[in-house]
Amino acid sequence: MNARFDPSGPLRGSLRVPADKSISHRAALIGAMASEPVRVRNYLDAADTRSTLTAVQRLGAIVEDRGAELVIRGCGLRNAMTPTNPIDVGNAGTLMRLLPGWLAFQQGRSFTLDGDESIRRRPVDRIAVPLQQMGARIEAREGRYPPFTVHGAPLQGIEYELPVASAQVKSCVLLAGLLTDATTVSETVASRDHTERMLAAAGAPVERIRDERGGYRTTVGNADELELELVEVPGDLSSAAFLIAAGVLVRDSRLVLERVGVNWTRAGFLRIIERMGAVVLTDGEEPGSFQAGEPVADIDVRNAPIEGTTVEAEEVPLAIDELPLVALLGCFAEGETLVRGAQELRIKESDRIATVVDGLRGLGADIEALPDGFVVKGTGGLRGGRLDAHGDHRLALLGAVAGLASETGVEVVGMDAAEVSYPRFAEDVAELVT
Ligand code: S3P
């Protein structure tokens with residue numbers, strides 16, 4: 001499905017963005033691993049997180065939709081059931097990389113995971129390596145791609161240093177560590193810590209310390225069982241980021257995005273955009289505004305001139321999914337915008353260095369790809385044209401925002417890709433346009 005986004009009038013008003021995708025995945029998985037029912041409010045209703053609900057149901061969890069909340073009746077840590085067919089993760093990389101952490105200690109049982117065409121291009125060796133060190137056996141196509149099979153076994157604790165800054169890999173190892181004496185993951189730069197926060201809320205012993213190199217060491221100990229009464233999922237900062245960028249770029253805009261998760265390990269984009277000169281105010285973070293151990297705030301954005309900035313490797317994991325928007329903002333900024341140390345972008349739902357650079361260039365941007373990022377020369381605006389989403393939700397949404405701020409509008413080829421995280425983007429924009 002193609003969709004046109006024409007140059008927009010001011011975006012004004014307040015809105016609640018969709019629920020956080022990362023936290024919704026974790027709520028469903030940890031709910032499935034728990035011994036008592038877990039109530040989940042504001043679970044994201046989108047394709048990726050529906051894949052997670054289906055997956056946990058196939059493993060024996062019961063999911064009741066009570067309208068205002070979901071109730072997940074889990075299997076307990078040790079008792080995942082074996083489905084007869086492969087588990088379909090759809091397009092959800094987070095599901096594909098986190099779920100094996102739980103499956104790896106289902107002794108004597110095997111589980112095959114598969115997904116769509118894009119998932120089949122995304123590597124799983126990054127989780128297979130630590131899980132095999134712990135004692136599980138993983139068989140993957142060509143040694144590193146889905147479909148792949150996890151053969152569960154009793155696991156032993158490990159100390160694992162992440163070779164790439166990835167919250168998905170960290171989370172997988174921490175989940176696998178729940179029945180070990182102690183499992184430690186170290187990372188040289190911080191990545192999102194939603195799993196740690198939710199496991200701690202569910203009663204697992206979790207300790208996170210700063211190490212002497214400025215990185216983090218996170219240790220989980222034997223949890224035996226998990227109990228979590230209620231998770232209230234905050235708004236997704238990564239979805240909010242599209243409206244934040246639109247608010248900054250579209251003349252005379254002023255909007256408030258309500259109750260968005262602003263955990264500092266996710267909020268790198270807010271710091272980057274402020275450095276570029278945008279006025280983005282966040283309130284909240286006071287006691288009582290914590291949901292699922294996560295701080296939430298209202299984000300108040302207004303249109304402003306912006307200037308170029310540099311994003312270095314240590315900031316990359318804190319804004320990984322928002323870096324395409326940094327490229328777009330760079331087109332409108334004064335001076336140069338540089339992102340480096342972001343080679344991880346090449347293995348997202350698409351090669352996001354290639355697709356962002358080609359996509360924005362096709363709209364008139366002066367942008368070059370680097371092996372690990374991109375450099376944009378701001379020209380104060382963007383002409384418009386056609387942008388192919390390449391089946392990548394963040395590309396589709398990037399094209400949509402580019403259209404709103406462009407001179408002639410943007411036709412997004414494959415807008416339906418946005419279904420996995422932000423299905424009602426166009427409706428939300430229509431609500432904000434005065
Ligand atoms: C995610 C972590 C990030 C991010 C993805 C969601 C998560 O991936 O890009 O959209 O929920 O843990 P990596 O941790 O592999 O960079």
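Just follow the structure's listing: the first ligand is 1, and inside any ligand the first atom is 1. Every value quoted in this text rests on a predicted model; they were computed, and no experiment measured them.
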- Query: Take atom CD in E117; do more than 12 heavy atoms of anything else shown fall under 6.0 Å from it?
  - Reply: no
If we number the atoms of ligand 1 from 1 as shown, the ones under 4.0 Å from a heavy atom of D321 are 4 (C), 5 (C), 9 (O), 10 (O)
The salt bridge (charged side-chain N to carboxylate O under 4.0 Å, His left out) partner of K21 among D321, D45, D48 is D48
Quick one: do E315 and R275 make a salt bridge, cutoff under 4.0 Å? yes
Ignoring angles and geometry beyond distance, decide whether Q168 reaches within less than 3.5 Å of ligand 1 through its nitrogen or oxygen atoms. yes
min-distance protein heavy atom vs atom 11 (O) of ligand 1 -> S22 OG, 2.7 Å
### Query
N/O to N/O below 3.5 Å, does that happen between K348 and ligand 1?
yes
Assess whether a salt bridge exists between R266 and D20, defined as any Lys/Arg side-chain N lying under 4.0 Å from an Asp/Glu carboxylate O.
yes
**Asked** Is the shortest N/O to N/O distance between E344 and ligand 1 below 3.5 Å?
**Response** no
Item to check | Salt-bridge present (D114, R120; N to O < 4.0 Å) | outcome: yes
Next item on the list: Please determine if D392 and R352 form a salt bridge, counting it only when a charged side-chain N lies under 4.0 Å from a carboxylate O.
Entry: yes
Closest to atom 15 (O) of ligand 1 among protein heavy atoms sits S166 OG, 2.8 Å
re atom 6 (C) of ligand 1, the protein heavy-atom contact at minimum distance is T94 OG1, 3.4 Å
query: Any nitrogen or oxygen of R97, main chain or side chain, under 3.5 Å from a nitrogen or oxygen of ligand 1?
result: no
* Under a 4.0 Å N-O cut-off, is there an ion pair linking R208 with E187? -> yes
Closest to atom 7 (C) of ligand 1 (heavy atoms only, candidates H25, H393, R26) is R26
Say whether H194 and ligand 1 are in contact under the criterion: heavy-atom distance to a ligand atom below 4.0 Å.
no
I'd like to know if R78 and D224 make a salt bridge, using a cut-off of under 4.0 Å between side-chain N and carboxylate O. yes
The protein heavy atom nearest to atom 14 (O) of ligand 1 is A167 N, 2.6 Å
